[in-house]
Amino acid sequence: MEYNFREIEQKWQEFWQKNQTYKVDMDASRPKFYVLDMFPYPSGAGLHVGHPLGYIASDIYSRFKRLQGFNVLHPMGYDAYGLPAEQYAIQTGQHPAVTTEKNIARYREQLDKIGFCYDWSREVRTCNPDFYKWTQWAFIQMFNSYYSLPPTPSTRGGAKPISELIAHFQQYGTEGANAACGTELSFTAAEWNAKSEKEQRDILMNYRIAYKADTMVNWCPALGTVLANDEVSEGVSVRGGHPVEQKVMSQWSLRVSAYAQRLLDGLDTINWTDSLKETQRNWIGRSEGAEITFHLSPNPSPQARGTNPKGNFKPTTNAHNWKLLIEIAKELRSNQTEAEAILWEEVRAGKIGYKIRRQHIVDGYIADFINLEKNLIIEIDGGVHLTPQQKEKDQQRTQILNDFGFTVIRFTNEEVKADPKLIASKIKAKLDELPSMQSAPLPCGEGSGERSENQGEVVVFTTRADTVFGVTFMVLAPESSLVAQLTTSDQKQAVTDYLVATKKRTERERIADKRVSGVFSGSYAINPLTGDAIPVWISDYVLAGYGTGAIMAVPAHDSRDYAFAKHFDLPIVPLIEGCDVSEESFDAKEGIVTNSPAPGKEMEDGLVLNGLTVKEAIAKTKQYIAEKGLGRVKVNFRLRDAIFSRQRYWGEPFPVYYKEDQPYMLDESKLPLELPEVDKYLPTEKGEPPLGRAKNWQTEDGFPLELNTMPGFAGSSAYYLRYMDPHNDKALVDKNVDEYWRNVDLYIGGTEHATGHLIYSRFWNKFLFDLGIVCEEEPFKKLINQGMIQGRSNFVYRIKDTNTFVSLNLKNQYDVTPIHVDVNIVSNDILDTEAFKNWNPEYKTAEFILEDGKYICGWAVEKMSKSMFNVVNPDNIVERYGADTLRLYEMFLGPLEQSKPWDTNGIDGVHRFLKKLWSLFWKEDSLLVTDAEPTADELKALHKLLKKVKADIENFSYNTSISAFMICINELTSLKCSKRAILEPLVVTLAPFAPHVAEELWHALGHTTTVCDAQWVEADEKYLVENTATYAISFNGKVRYQMQLPADMPTAEVEAIVMKEEQSQKWLEGKTPKKVIVVPKKIVNIVL
RNA sequence: GCCCGAAUGGUGGAAUCGGUAGACACGCAGGACUUAAAAUCCUGUGGCCAUUACGGCUGUGUGGGUUCAAGUCCCACUUCGGGUACCA
């Protein structure tokens, strides 16, 4: 009997289907094991040989576990929503549901041919309403939840109903609320209760886990849509080349950042590769540091006013006194005189038509009242001002202030108390007559009732608090809200130009680009530790989304700051003893601190870091700024909230409607909210997303429904739970079912998901865990990354301007153009010239210059893609060699995790292996299997294999286990062994790898039930004992000859024998060895 | 730019804990069988130099280092692949 793989494979695939061999049910009597593949996106191109790589690996593992007695859940489904289907729909007008359905059918057909042990009764598709119902349901739960932060570091926070937060606000306001939020708010219970429903809902958005907020997007007006960074290059869309700009858009987001610490901590509990965990750790990006507040220099500097040339300016505020004065000003504000209090009531909140501030610092003085628009200072004098000395001092002071461009008017306490309204009107009259100052006023100090804490200061986050003495400038992100506030009128044009330029660049371009760009805002800030005034710049190397959107620049110790400082000629102050910053910054966190403070700039009660190590200095600075109220110690995460809206058609609709512009959730009974039909898959004329085209896209009560849809990761975030209980319409997953299957024991998929899907689904699962829906906090216990299969392209070489093609090794004699040729008409790099002529009409008349009668093609490793003509379909391979050969060959190619090019060339080897295996059983039509007793050699060959294969499967080193099979079959073939006692365990061991041929041979051996339910055979060490060992005898590390010695010979004896050995004498050259090293059973090294 | 991987014959790869580099397979060369081809089987196959040898030298991307011993550990670099937040 021939090894007829086509017949065999078809027969057993039908058998498995008929017997429902792969159907799985809960079974409390057996331990569970859940093996999951990352489900595919069903693209129009069909499955290529790269896809099954991971599926085969997981299939082998599933079958192996089943042989070991586990109840194995191994499902498959489709990630069916996505951009390519939508793009195709836009181009062809075909409904994406139709093309997706077609693609899925093709995928399924291809998958079925490979003989996977999936339980297809559990299939899920993310685009099915009964699946996305639960995606929508989870979204509603997230909207109705907030994240309760842990009150102490040792306790843990979690998602809680938003109603609990509302109850807290009603009773206590924000005090003690401890909720993760977007911006920190502060209000009392009374204030909360006084707010309208709309105001309350607006505030709650700041706390919900699914919330709507303004975010920056790449907006392409011409396409009417938002683009990924991928789709934008040099400020224009990759598709069509239309201009793209950064735009603010209100979008749904998920508060993933609230889970940052738990996502980080959870990594320690799961069995993933270190590199993948490291990637996630970096992505989450926890940094411990400090937030430091830099107050703005309160009045425009001469430079900003244009009176001093650059480089020769003098800050108007007496910078060294700033820190001191701000404290006094605060104190004065709370201890103001009676007259000041009375007048304040008359002029505050713009009552006289001008904005008046009080206790404002100007130069070395604190002005009682000030209007910055017209630079008017109003002083209220008490009794002391009447003495002649004081009068003189006041005169001097007035003079100085006049020099800075201020007008000063004075009133006495008595005048104010007598008629405050009169004084107020006098002030107004004075203001009316004064001209407006050229420079825009700096908002600083007292506001007029609105939230004003952040006005007049820049808060930065730094992990290098120790470098605060080396801060020589500050940089704001272009998107920072402070930019508008801090830009002086002189700089307005330059800043505006810069912002326009930046708007064209995507975030990635900004990060990747080393070119330095930036613009001076015109304003100065005060370094709280040195009192120095430092310029505030704007540059796109600072990102709004990270930290506070502003940095303190320390050019001596940060390379980006260094490049910026060099470019704009800003000072660089080294802070580490002995470091050289003439060529580059010193970024390392090591060394002894100096220049902190610089000699001669010490302040009384000031911070001194000199002489400390960097580590000590960081700790000391943190402590200092916390104590002095200059900032606070803070943990910052790089992980951002996930933007959850897409302006697309082909995605899950949001279960959201709008009433008076406020989003509300649909009632759960209305789920699923099904995706409506639209006439075109394009944005509307108004620029709304495609759902804006849907008719009657509203609730029963007539409220409009959300027009955005959910992103790609929505459906993939909890699909592994749905497989457990795929037909449940009462719950995402039944509690008992979840408690049986718990979580995924083995997850196989590509590294490209490391920071997307694998973060989001961990977040999603933790959220469900907090709600008590699932019993495990981590979804994927063990994760293996499969490498990418790259394409191996073939080339033919056309002689220029002819239709003649020259073989690879002769091409240098001609002027040729390499042309991609379909790899499917090339075999072992030899072109099928007839097939080539028929491949493309253009080549119908092609002529060839051959070498040795063959046309040899060139080759290169490239991405597997249609345009390179290097796509290899698994169907073709299955047709030619069978599924078992494909399975073995994919695994034989190399280590699972490594990327490698697909090259069909080697496939004959594994096919030959299967034929050799077959010929151990069959010679023509007679079965060779006997019941004779196996010999020691035969048993050794088998048990070597059993041991190796088990260890290899557990290490996912499938390529070496296939080598082991080949070695074993080669040995058994030369031993002419066809004994049942050997072949039966061999078949069971092979069954996970090549299930069809194993099933066939299993039945040939007389079994009537499936080999899938056979029992795994364990290796027995007693057959593997070696009596002798081969020693490599080396001199100075170079192996010179080999020697067989008893395996249990003591090392001293080995040494003695080797030294006496004749061959050793030659290498010893009469010398006495300095040292002899004997490694038992391995090597002897003689050092001369 | 930043983060994570990878690099070994003509090719895919092996070497599991620092101990004989190249297992296994492809390809290639030579041979057997055959009218011939396919299939199958046998032999050889990292490079260089010798072939009188059961011979010598060299060799795991590059340059250094640690060690009796380095593909494996350390430092610096080169090239390639993946990710970089709206491809999936």
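These numbers come from the heavy atoms of this one structure, side chains and all, not from hydrogens, waters or symmetry mates. In the text below, chain A, chain B and the rest are named by the order of the sequence lines, each starting its count at 1. A quick note: this is a predicted structure, and the numbers were derived from the prediction, not measured.
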Answer with base, sugar-phosphate or nothing: what part of the nucleic acid does [X] contact at a heavy-atom distance below 4.0 Å?
X          : result
Lys915(A)  : sugar-phosphate
Lys1074(A) : nothing
Gln1063(A) : nothing
Trp272(A)  : nothing
Arg1040(A) : sugar-phosphate

Under 3.5 Å donor-acceptor pair, [X] side-chain atoms to [N] base atoms:
X         : N       : result
Asn905(A) : rC26(B) : no
Gln647(A) : rC86(B) : yes
Lys948(A) : rU16(B) : yes

What form does the base of rC17(B) take, syn (within 90° of 0) or anti?
syn
Syn or anti for rG47(B), with syn set at within 90° of 0?
anti
If you draw the axis of the six-membered ring of Trp902(A), does the NZ or CZ of Arg792(A) fall within 45° of it and under 6.0 Å from the ring centre?
no
Assess Arg762(A) against Trp283(A): is NZ or CZ under 6.0 Å from the centre of the six-membered ring, and within 45 degrees of the ring's axis?
no
Ignoring backbone atoms, test whether [X] places a side-chain nitrogen or oxygen under 4.0 Å from the OP1 or OP2 oxygen of [N].
X          : N       : answer
Arg646(A)  : rC86(B) : yes
Arg912(A)  : rC24(B) : no
Arg508(A)  : rA85(B) : yes
Lys1038(A) : rU58(B) : yes
Asn959(A)  : rA25(B) : no
Asn229(A)  : rC86(B) : no
Lys1075(A) : rC68(B) : yes

Counting only Watson-Crick or G-U wobble pairs whose two distances fall under 3.5 Å, which nucleotide matches rA50(B)?
none
Please give the distance between the [atom1] atoms of [N] and [M] as a whole number of Å.
N       : M       : atom1 : answer
rU8(B)  : rU72(B) : P     : 13 Å
rA6(B)  : rG10(B) : P     : 23 Å
rA29(B) : rG46(B) : C1'   : 16 Å

Are any of the side-chain nitrogens in Glu507(A) or Arg510(A) under 4.0 Å away from the carboxylate oxygens of its partner?
no
Counting only heavy atoms not in Lys900(A) (residues, nucleotides, ligands), do more than 12 fall under 6.0 Å from its NZ?
yes
